[in-house]
Undergrad: 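Encoded as structure tokens, here's the structure I'll be asking about.
Note that the structure is predicted; figures quoted are calculated from it, not measured. Atoms within a ligand are numbered from 1 in the order they appear, just like the ligands themselves.
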Amino acid sequence: MTTNIDKSYQLARERYAAIGVDTELALSKLSEISISLHCWQGDDVGGFESTAGLTGGGILATGNYPGKARTPHELRDDADVALNLIPGKHRFNLHAIYLENGGKKVDRDEIEPSHFRDWIDWAKQRGLGLDFNPTYFSHPLAEDGFTLSSAKKSTRKFWIRHGIACRKIAAEMGKKLKTTSVVNFWMPDGYKDIPVDRLAPRKRMEDSLDTIFAEKIDPKHELDALESKLFGIGSETYVVGSHEFCLGYAASRKKLLCLDAGHFHPTEGIADKLSSCSLFIDRILLHVSRPVRWDSDHVVIYNDDLRAVAEELIRNNLLNRTHISLDFFDATINRVAAWTIGTRAMIKALLAALLEPLKQLREWENEGDYTSRLAMLEELKSMPLGAVWDYYCERLGVPVGTAWIDEVKKYEAETAR
Ligand code: RNT
Ligand code: ZN
């Protein structure tokens, strides 16, 4: 039976073919792209270390929508629901505080692969890759705002041990799941007000990172990334891990650079950074987020910023060197829906970018025909992307259009937390 979705797709396919775009090729490329879903949208960055939840670190989850995951089981169930509403094969991104400690206190420098055994089993059963993050916040030894750059040697050493432990856990994940686990180092270290010495904390952070990375780990199993930030709540004036620090560190030590869409000046996008960084950095990690006036971590939507990121990845052929992960936490809406909306938006943006007549656009640009370039870029906005997207969802067996909302509502009613 030919459904309306199929019919609309056939028409859309002809429209795209007329401008030289092969929709089938685009869809097959799209199905190869994995997005790493962040565990922390499921419970407002709380984790399962204690009942304290998110404290400090200059980040803030706002809202009190019911249903947040209270246990690893609930979080996995929630993630399963979201993953069934998102087309394609993806990954899951864990923070160290999402360990399973069996009710015993295990401090950050004592965590081991065994504390993530159930996560690894869960991922294995579903064919998911796992990524990982040390947690340099929500801890008494991070309360004064400094971790790897702390002036106190014992504090620095504690956090160095945490970083080393995290790399080992990720290596185990990568080995067991047969797909590299990316470990993202984000340290909130910084000052609220004007420091006298901007250099010493950076030097200390550089040394701490060098110590953490001293042990070579097979890149087939584990890779390290460094995430920069402009400011945080309580570190408005100075952040040790600034963009220049992280870019310089990543380039000189052959690490990944993590670009978070919310970590720059309000009008500064990350899309334009990708081409430059790609010349000097082997691999890039993205934290796709949505800043609203500040680093507010709103749920990602299909907007100009997102499209621009996707376009840069496709136009510059950067997909095989880029790890796409999401970073948002909105507690005012259903959390499974938040994952679904954000991830579907990211995939849709990649689809839009794959549906550009790139060869033609490049030709016009190189010939100096900017008139045709602008005209085509404008026309592309009203091409039948939606028909191709619906067909893709149908083909990959996930709900088409708004149908997924009912599934989330049903699950919400059933779980009633
Ligand atoms: C914070 C960073 C960081 C965190 C996660 C929880 O500003 O973006 O990536 O959001 O590690
Ligand atoms: Zn981030």
Undergrad: Which residue is it: Tyr238, Tyr136, Tyr191, Phe137? I am looking for the one with a ring-ring contact (aromatic ring centres under 6.0 Å, His included) to Phe146.
TA: Tyr191
Undergrad: Below 4.0 angstrom, N of the basic side chain to O of the carboxylate: do Asp78 and Arg335 qualify?
TA: no
Undergrad: Taking the ring centre of each residue, are Trp186 and His287 less than 6.0 Å apart?
TA: no
Undergrad: Looking at CD1 of Ile314 and CG of Leu30, how far apart are the two atoms once the value is rounded to the nearest 0.5 Å?
TA: 8.0 Å
Undergrad: No waters, cut-off 2.8 Å: how many protein N, O or S atoms are close to the Zn ion (ligand 2)?
TA: 4
Undergrad: Can Asp224 and Arg167 be counted as an ion pair, charged N to O under 4.0 angstrom?
TA: yes
Undergrad: Should the pair Glu206-Lys203 be classified as a salt bridge under the 4.0 Å nitrogen-to-oxygen rule?
TA: yes
Undergrad: Counting the benzene-type ring for Trp, do Phe185 and Phe213 have ring centres under 6.0 Å apart?
TA: yes
Undergrad: For ligand 1, what is the set of protein residues having any non-hydrogen atom at a distance below 4.0 Å?
TA: Trp40, Ile59, His95, Trp186, Glu227, Lys229, Asp260, His263, His287, Asp295, Asp327, Phe329
Undergrad: Salt bridge check, Arg253 against Asp210: does any charged N sit closer than 4.0 Å to a carboxylate O?
TA: yes
Undergrad: Closer than 4.0 angstrom, basic N to acidic O: yes or no for Arg204 and Asp189?
TA: no
